[in-house]
Amino acid sequence: MTSTVAEPEFVAQFEAAIAAKDRVEPRDWMPEAYRKTLIRQVAQHAHSEIIGMQPEGNWIGRAPSLRRKAILLAKVQDEAGHGLYLYSAAETLGASRQHLTDQLIAGAQKYSSIFNYPTLSYADVGVIGWLVDGAAICNQVPLCRTSFGPYGRAMIRICKEESFHQRQGFELLMTMMRGTDEQRAMVQESVNRFWWPALMMFGPPDEDSTNTEQSMAWGIKTHTNDELRQRFVDMSIPQAKILGVTFPDPDLRWNEERQSHDFGEIDWDEFWAVVKGDGPCNAQRLAHRRKARDDGNWVRDAARAFAAKQQQEQEQEATA
Ligand code: 3HC
């Protein structure tokens, strides 16, 4: 039942489902603001998966071996699949994939800040797998229990694949760290560029997060941005030690009292500039996405023409 009329029993059913941590399904009544915030988050997530194919796709033609190329191809293809699961989840809320893509290309919807940064060396493929997919897992495992059914179920599958992506990144970096001084320097240089943007992926600090409180009340989010960012910092430090790299933060240290690591101030001016569309690669990312959409128009036109012809034939048969 998708009526927008807030019949008291529908509201009560929705609130009871949220309180019991049951899933809300597409045919259930839901407040329009719940639907709207989910479309916003799921669409932004879907766009991130699709735009996220570009920085790593940049290296497919220059992978150092056939094995690395096959791994990278599989990973980038997985991201396309993640985007499709998420657009499908958004469609169950009444937002078509085409409309959402148009909104992205027009700059009316966002994608993750992290994909605004360029990939300058092959070490970036490993660092994206380790840190970016690592941050994504940290943020997305809790989303497997999100209150909206199709989103939560999509996340279960996505998280399994993201774990593989994180492992392949770590394995690539381990291999490079066992290599030459030049390779080790390449890894460290890449970590230096990606560490802070990876921390920004979790969103603004809690006091500046406009959506967290309501999203948590609705069970869409189950943790705040700062909680997940802290979890990511704590989990990354022992991994960095195993790899033999350091993070570019002189304030990073263990805090015995908090039983967590303290870390330095994130450059929030940079974050907001990226979020508002001034990211270093934003124009390039959107131009590439626009071209991909336009290049695919003939396929959509052909599919629409085929569907219209089939319908016409069915109508003719019915009236014959
Ligand atoms: N990049 C771009 N915009 C961001 C952002 C980021 N890293 N973090 C926050 N924002 C935006 C929000 O969208 C919001 O703007 P809006 O109201 O106009 O939409 C504004 O900044 C304020 O942030 P909030 O904290 O209020 O926003 P949310 O409550 O939505 O929290 C979030 C932000 C934590 C990113 C949350 O939306 C979320 O968990 N999303 C699902 C996960 C996701 O989208 N991940 C993207 C990465 S996908 C990926 O990593 C692919 C993998 O292959 C690596």
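Every number for a ligand or one of its atoms is a count from 1 in the order of the listing.
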Heavy-atom nearest option to atom 41 (C) of ligand 1, drawn from F271, F115, Y151: Y151
Does an N or O anywhere in [X] fall below 3.5 Å from an N or O of ligand 1?
{"X": "T210", "answer": "yes"}
{"X": "S215", "answer": "no"}
{"X": "E162", "answer": "yes"}
{"X": "S48", "answer": "no"}
{"X": "H82", "answer": "no"}
{"X": "W272", "answer": "no"}
{"X": "V275", "answer": "no"}

Pull out every atom of ligand 1 sitting under 4.0 Å from any heavy atom of [X], numbered as shown with elements.
{"X": "Y111", "value": "1 (N), 2 (C)"}
{"X": "G203", "value": "8 (N), 9 (C)"}
{"X": "M200", "value": "7 (N)"}

Any heavy atom of L143 closer to ligand 1 than 4.0 angstrom? yes
Side-chain ion pair, [X] and [Y], N-O less than 4.0 Å:
{"X": "K221", "Y": "E213", "value": "no"}
{"X": "K36", "Y": "E32", "value": "no"}
{"X": "K309", "Y": "E313", "value": "yes"}
{"X": "R167", "Y": "D133", "value": "no"}

Quick one: look up the protein heavy atom nearest atom 13 (O) of ligand 1 and list residue, atom name and how far away it is. Q44 OE1, 2.8 Å
Atom 35 (C) of ligand 1 has as its nearest protein heavy atom M201 O, 4.0 Å
Passing candidate, side chain to side chain donor-acceptor pair (under 3.5 Å) with H165, options K75, E79, E56: E79
Is the shortest distance from atom 52 (C) of ligand 1 to a protein heavy atom below 4.0 Å? yes
Quick one: does R184's side chain have a donor or acceptor within less than 3.5 Å of a partner on G179's backbone? yes
Can you check whether P248's main-chain N or O pairs, donor with acceptor, with W196's side chain at less than 3.5 Å? yes
Between H223 and R231 the two heavy atoms that sit nearest each other are NE2-NH2, 3.3 Å
Return yes if a side-chain donor-acceptor contact under 3.5 Å exists between S147 and Y34, otherwise no. yes
